[in-house]
Asks: 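First the structure, then my questions, so here it is.
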Amino acid sequence: MPLPDKTCGIAEAIARILDGARIMLGGFGVPGTPFCLIRELVRQGQKGLTIIKNDANETGMGVDWLLENGQVARLITSHIGLNPRAMQMMNDGKISVEFVPQGILAERIRCAGAGMLGFVSDIGIGTLMAEGKPTVRVGDRSGILETALGADFALVHAARADTFGNLRYAASARNFNPLIAMAARHTIAEAETMLPPGGIAPDDVHTPGPFVDQVVLLPELPEVYGVVER
Amino acid sequence: MPLPDKTCGIAEAIARILDGARIMLGGFGVPGTPFCLIRELVRQGQKGLTIIKNDANETGMGVDWLLENGQVARLITSHIGLNPRAMQMMNDGKISVEFVPQGILAERIRCAGAGMLGFVSDIGIGTLMAEGKPTVRVGDRSGILETALGADFALVHAARADTFGNLRYAASARNFNPLIAMAARHTIAEAETMLPPGGIAPDDVHTPGPFVDQVVLLPELPEVYGVVER
Amino acid sequence: MLRRAARDIRAGMTVNLGIGLPTQVLQYVPAGLAVCLHSENGIAGVGPVLDRVHADRNLIDAGGAYVSALPGTAYFDSAVSFAIVRSGRLDLTLLGAFEVAANGDLANWIIPGHLTPGAGGAIELAQKARKVAVITTHTDKHGRPKIVAHCTLPLTAPGCVQRIFTDMAVCDVTPDGLRLSELAEGVTVAQVIAATGAPLIVPQAPLPRF
Amino acid sequence: MLRRAARDIRAGMTVNLGIGLPTQVLQYVPAGLAVCLHSENGIAGVGPVLDRVHADRNLIDAGGAYVSALPGTAYFDSAVSFAIVRSGRLDLTLLGAFEVAANGDLANWIIPGHLTPGAGGAIELAQKARKVAVITTHTDKHGRPKIVAHCTLPLTAPGCVQRIFTDMAVCDVTPDGLRLSELAEGVTVAQVIAATGAPLIVPQAPLPRF
């Protein structure tokens, strides 16, 4: 019994995305950001997007391309301090930004990926982060309700994929990628290397194929994936 | 900067457990069950234990030894259908049993391991499983509150460990092991192979060392770990 | 009935097969069909069952059978395994039943007259697979209907079943009630109606045979 | 102050060091000390910072520095990373501060007079590490105290800080208030009191110097 083949061209994969879509992006800084998928999204020009990503990258990179091109309506993120354009656009009311503590962002995404409605945590109690969130009593403790955060699409960057969509990440490029792959209705992965089924040993898979809908092989890695010269 | 060494003898590791402790055990059937740690627990004879495990193993194996030795007061599990002694003891009121749907058991354990109080799911609504559980409204949906399930100790079976407690599991022996390792205040892992730090590549670690408090090398694998002849 | 149920397993699907009859369906799935079998204990891409001699002590499916890996198989923990189920990645699950009701209610975890041994993963499979089909003999060993107007046993999940495969027929749960959709070779509509404990909608047109 | 803070990093600990001063503490930790450095973006066992030539494009810490792996390093996703934090596996975190109050309230995420860029992982580190210590200059660049009676900025976490390392002193948050515990070489108690915006408990006994 062979496993299904999910390989796909990049234009075709991104063309499924419509205006107004909610899109999750992998990456913490440069590592794990799916720059090629984002660049194709810029080329195709879908508008009014909600972008869910740990950070807004830096000037001239990834999320910044989408901001510059006016494609982003809303950003759900843990911090945008390295992207002056994002700060400015938020300041000017051109995008709306929802800040979520980093680990709570990760858990809210995973929560959607695990098919649950929400979770109760005590993170942020006594700070601005808890304001407006319902309180839930759990036994003799009290916490705040965090809602599952899902999306229409997840754009994932993997070091290696097999044709079934099993994925492996490299070092700190893993970050949010396995979580968003679970949480979107449609998950598109770009991969630096494409292997036949069995190319990743079963114990070595980071994201199992059933979470991945399409895998795109990157022909050559653009410079943006490289070490940042600061 | 070397990483801490957590290797430990089996008797010393298990001796930390006191009467009345809540103990999580890895394993789904035979694979992943920490038989040697359980056998040492039987030898030391701690009483009044709450055991949290997917299943109760089979006659003459693992959890069954603890039941036979009268060490178990309470069992939190997804099913015990393969262990007649567990069924009988439940029937006779000698142990109390809490049944949890398998995936909810996994999530409740992970929830504790992620330092949260509980989560909201729609699993079991309209069945006996939802009875008595509080209802929580999440946006325009409604779910039931599941509480985090933590423990005093987790007993984990790993295929390979390094001395820092990084762990790797083999095939379907992974199951609940990575989850219980997160969820207990003190995690003890038995390993078939002990490697020096670096023996498991950083991308290949299934359970990161910070979750593991002690690692015990198994000298030789008893027969109970083998293929079951039925 | 096994052969008929196998026809509902289509290329590209991720499928979970319950213990017993559901697993036996596998022998009728074409060898070349690209399908991913999921097992609750942490496997995507379950391969063929192995005998004791060739078994890997660490590789069983949720029913305890020693299985094998395929090119592309992945292992994961139990939380990830049920994340696959609950987030809607299972295209189909085939389950056994003690009782299934005309409205799709399923009871398959408490054995009548026995204490419960626990539901394992059945509740989540039944509630969350995109399509839930039951495969069962049309009547129990005492000749009593397993398809009923209302379940008397505690439910695994309410309204979850969409299709029922039996040795006599294929029935579909519809908003209007249970519809007789296909007939086994040599079985009459009257026989099915007699063996069913719930009203059946019988279409005018001749029914496909299997 | 860096050297003094480094002395609180003990063998066997799992430690998270914030960006800036906290990370600089590392240079004073003895090379042979068995310590696990955690980085929020998914690393346990963070190794030394590398220059651009030797950098691995896929391996940065949460501050964006190119770091290296050690024997025994592990990588994991962001949910696992914060599970380590929230479940109490961090023995110590050293953080920077804009303001820290006598009761342990910490404000370190909204830059005064600016829009917030978001808190990143600071809230969870501050709230959940077993021990939270702040390392900061005793006063800001205008000479105003950073240790205050009550924070005026939005809090990162209330009552989280147990110890404060500054260029002048080590102060501990106690149930009775902020205690002056150690003095930097050449600094007087009077100088510390003058530079501190909150009442200080000053023990009778001579204070240790660092």
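None of these values were measured; they are calculated from a predicted model. We name chains A, B, ... by the order of the sequence lines, and we start the count at 1 in each one.
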Asks: Please look at A:Leu179 and chain D and tell me whether the side chain, the backbone, both or neither of the residue comes under 4.5 angstrom of a heavy atom of that chain.
Replies: side chain
Asks: So what's closer than 4.5 Å to chain D heavy atoms on A:Ile180: side chain, backbone, both or neither?
Replies: neither
Asks: Show the nearest heavy-atom pair for residues D:Ala133 and D:Phe165, with the distance to one decimal.
Replies: CB-CE1, 3.7 Å
Asks: A:Tyr225 vs A:Phe35 aromatic rings, parallel, tilted or perpendicular, using cut-offs 30° and 60°?
Replies: perpendicular
Asks: Between A:Pro178 and chain D, with a heavy-atom cut-off of 4.5 Å, which part of the residue counts as in contact: side chain, backbone, both or neither?
Replies: side chain
Asks: In terms of heavy-atom pairs under 4.5 Å, which option from A:Asn177, A:Asp122, A:Ile109, A:Val30 contacts chain D the most?
Replies: A:Asp122
Asks: Between A:Gln88 and chain D, which part of the residue has a heavy atom less than 4.5 Å away: side chain, backbone, both or neither?
Replies: neither
Asks: Output yes when A:Arg85 and A:Asp64 qualify as a salt bridge under the 4.0 Å nitrogen-oxygen rule, no when they do not.
Replies: yes
Asks: For the side chain of D:Asp56 and the backbone of D:Asn58, is there at least one donor-acceptor N/O pair under 3.5 Å apart?
Replies: yes
Asks: As an exercise: rank A:Ala171, A:Pro31, A:Ala106 by heavy-atom pairs under 4.5 Å with chain D and give me the winner.
Replies: A:Ala171
Asks: Any chance you could measure D:Thr73, atom OG1, to D:Ile43, atom CD1, to the nearest 0.5 Å?
Replies: 8.0 Å
Asks: Roughly how far, to the nearest 0.5 Å, is the CG atom of D:Asn41 from the CG atom of A:Asn54?
Replies: 8.5 Å
Asks: Between D:Phe82 and chain A, with a heavy-atom cut-off of 4.5 Å, which part of the residue counts as in contact: side chain, backbone, both or neither?
Replies: side chain
Asks: Go through the atoms of A:Asp55 and report whether side chain, backbone, both or neither lie under 4.5 Å from a heavy atom of chain D.
Replies: neither
Asks: Relative to chain A, which segment of D:Ser39 carries a heavy atom at a distance below 4.5 Å: side chain, backbone, both, or neither?
Replies: neither
Asks: Could you check whether A:Asp152 pairs with A:Arg22 (Lys NZ or Arg NE/NH1/NH2 to Asp/Glu carboxylate O, under 4.0 Å)?
Replies: no
Asks: Run the salt-bridge test on A:Arg110 and D:Asp77 with the 4.0 Å N-O cut-off and return the result as yes or no.
Replies: no
Asks: Look at D:Pro158, D:Gly42, D:Ala126, D:Ala122 and state which one has the largest set of heavy-atom pairs under 4.5 Å with chain A.
Replies: D:Pro158
Asks: Among D:Arg57, D:Arg86, D:Lys128, single out the residue with the greatest number of heavy-atom pairs under 4.5 Å to chain A.
Replies: D:Arg57
Asks: Heavy-atom distance under 4.5 Å to chain D: side chain of A:Ile125, backbone, both or neither?
Replies: backbone
Asks: What residue, out of A:Leu128, A:Thr127, A:Ile123, A:Ile80, has the most heavy-atom pairs lying under 4.5 Å from chain D?
Replies: A:Ile123
Asks: So, D:Asp140 and D:Lys146, do they make that salt bridge, N to O below 4.0 Å?
Replies: no
Asks: For each of D:Ala62, D:Ala157, D:Pro154, tally heavy-atom pairs with chain A at distances under 4.5 Å, and name the one with the top tally.
Replies: D:Ala62
